[in-house]
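Heads up, the thing below is written out as C-alpha cells.
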Amino acid sequence: MRIHFIFEPDSPQRFRDLGLLAEQLGFESVWAPNILSARDPFLAFSLLARDSRAIRMGPVALSPFELHPLKMANALLTLNEISGGRANLVIGGGGGTMIGMGLKPDRRATHPRMVRGVRECVTLLRTASPTTPLNFTGELFQVQNYLPDWATAPAPRLYVAANRPQMLQLAAELADGVMLSDISLHHIATTIATLREGLASRRSGLSRDLRTNNLLAWHVKPDRTAAYTEARRKLWVRGIWERARNAPFVDAAACDLIEQNLTGLALAYQRGDDPAGVVPQKILDALVDGLTLAGSSSNLTPIIDELLAFRAAGVTETSLRLYGEPEAAIRLVAERVLPELQNHNSPRPR
C-alpha cells in the first residue's frame, strides 16, 4: 500500500517544504484540498513542482461544474509542465465549494447531471493532446479547436472521487484511479466489489490495475486527548450527516440524535468548536474510532492493523488527511507506520 498526504499549510512555501520532506522520506504523492476559502490548489504547488524531482502532486477534488473542463485542462497541464510530468488530479461532483457557489443547496444534494458532467470532464482531459486539435461536443461541455501544443509528457494522472455505485463504476471505466472518501472498514468490501464490477467496462489503453485510494483523516498525537479533540472538530467533513456512515458505530438512538442536531454540528465545524457541546462526546468519540485514524502515537498497533485490513480488502493507496503539525505526522508515518506495512503481508489477528 502506498501512502499519500493531503494537507493545507499556510503558504506555498510551506507546501514546498512539506512536499520536499515527503519526497525525501520516500512517499509517492501529496495533495491539496480544493475547499471554499483555500489557496488555489494548482498554484499552491508551483514552488514544490519547480524544486522537487520525484513526488507527484495535485488537487483533490475539483468539479467540472465549478471550473469548466477547458480551464481545468489548462491549469492541470501547466502544473504537469512545471513538475515534469508529475501532476495528479481528482475530479468529482463537488462538495462544499459547490454549496458556497450556490450550485447545490447542501451536502446531501448532488448536481442533477453529476455523473454525466464528470464523465465528460474525464473524457475531455484524457483526449486533450499537444499534437491533435480537440473538438469535443458533449451534452454539458463543448470545446472547439483546443490544442495545448506546449503540454508535456507523460500525461497527468486522473482520479475520480467516488463513494457511490454510479461514480465508482465510472472511475473503474475511465480513470487511472479512484479516490474514496472516508470509507470505513465496515463498507470497504462492498465498495471494492462495485469497483471490480466496473472494471468489466474499462476502456482499452488504460492499465488494468486501477489505483484504489481511500482518504482517511489522520489524528495521531503524543496526547490522545488532543488527538480526539482535533478529530471531533473535523467529524462533519467525515460525512456524519449520512446515517449509513454512523450506523455501524453507534446505536439507532445516537443516529437519531445526530440527525436532530445537524445544524448545530455544522455550525460547530464552521466555528472550529468541539461538537461535544452539541452531541455527547461518547457518541462522537465512537464515530472518531470508526471513521478516522486517531489515537496516541505511543500505540500505533490499532492504526497499523486497520491499514493492513484496508490493504487486504483491495485498497492500494491511502491518502492521510493531515491537520495540525503535519511535519511530525509525515515523519511518524515514515518511521513507524511504513516499516510495519512493508513487513506484514496480511492483517495481524485481532
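By convention here, the first residue in the shown sequence is residue 1. Scope of the values below: all heavy atoms of this structure, side chains included, with no hydrogens, waters or symmetry mates.
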Cationic N near anionic O, under 4.0 Å, E120 to R113
no
With a 4.0 Å cut-off on N to O distance, would you call E8 and R321 a salt bridge?
yes
Say whether V278 and L257 are linked into one hydrophobic cluster, either directly or through other cluster members, by side-chain heavy-atom distances under 4.5 angstrom.
yes
Are D274 and R232 ion-paired here, with the side-chain N under 4.0 Å from a carboxylate O?
yes
Can you tell me how the ring of H68 sits relative to the ring of F141, calling it parallel under 30°, perpendicular over 60° and tilted otherwise?
perpendicular
Kindly say whether L174 contributes a backbone atom to a donor-acceptor pair with the side chain of R203 at under 3.5 angstrom?
no
In terms of heavy-atom contacts, does CD of E325 have more than 12 from other residues, nucleotides or ligands at under 6.0 Å?
no
Judged by atom type as modelled, is there a donor-acceptor pair below 3.5 Å linking the side chain of H187 to the main-chain atoms of A244?
yes
Within 6.0 angstrom of R331 CZ, more than 12 heavy atoms from elsewhere:
no
Side-chain donor or acceptor of S63 paired with backbone N/O of G93 under 3.5 Å
yes
Side-chain touch L89/L79, heavy atoms, less than 4.5 angstrom
no
ILVMFWY network linking V315 to V178, side-chain heavy atoms under 4.5 angstrom
yes
Hey, would you say the W31 and Y159 ring centroids sit under 6.0 Å apart?
yes
Would you check if there is a donor-acceptor pair between the side chains of D17 and Q13 at a distance under 3.5 Å?
yes
Do T191 and N163 come close enough that some side-chain heavy atom pair is under 4.5 Å?
no
In the single-linkage hydrophobic clustering (I, L, V, M, F, W, Y; side-chain heavy atoms under 4.5 Å), do L43 and L36 co-cluster?
no
Specify the closest pair of heavy atoms between V220 and S296, including all atoms of both residues, with the distance to one decimal.
CG1-C, 4.0 Å
What I want to find out is whether E242 reaches R164 closely enough, with some N-O distance under 4.0 Å, to be called a salt bridge.
yes
Can you hop from I188 to L210 via hydrophobic side chains spaced under 4.5 Å?
yes
For the residue pair P275 and Y269, establish whether any side-chain heavy-atom pair is separated by less than 4.5 Å.
no
Are L168 and F310 linked, directly or through intermediate hydrophobic residues, by side-chain heavy-atom contacts shorter than 4.5 Å (ILVMFWY only)?
yes
Closest non-hydrogen atoms of L147 and P133, given as atom of the first, atom of the second and distance, are CD1-N, 3.7 Å
With a 3.5 Å distance limit and no angle check, can you tell me whether D182 reaches the backbone of L216 through a side-chain donor-acceptor pair?
no
L18 and F5: CA distance, side-chain angles, deciding distance, side chain to side chain contact (heavy atoms under 4.5 Å, CB included) verdict
CA-CA 10 Å; L18 289 172; F5 296 108; over 6 Å; no
Quick check: does any side chain N or O of E23 sit under 3.5 Å from a backbone N or O of A54, one acting as donor and the other as acceptor?
yes
Aromatic rings F15 and F7: how do their planes relate, parallel, tilted or perpendicular, breaks at 30° and 60°?
tilted
Between F249 and S184, is any pair of side-chain heavy atoms under 4.5 Å apart?
yes
Cationic N near anionic O, under 4.0 Å, D209 to R202
no
Flag if over 12 foreign heavy atoms under 6.0 Å of CD, Q166
no
I want to check something: taking the side chain as every heavy atom from C-beta on, are L287 and R238 in contact at a cut-off of under 4.5 Å?
no
Could you verify whether a donor N or O on one side chain and an acceptor N or O on the other, from R86 and S52, lie under 3.5 Å apart?
yes
If we only count heavy atoms from C-beta on, is the T137 to Q144 side-chain gap below 4.5 Å?
no
When R126, R157, R211 are each screened for salt bridge (Lys or Arg N to Asp or Glu O under 4.0 Å) with D176, the one that passes is R126
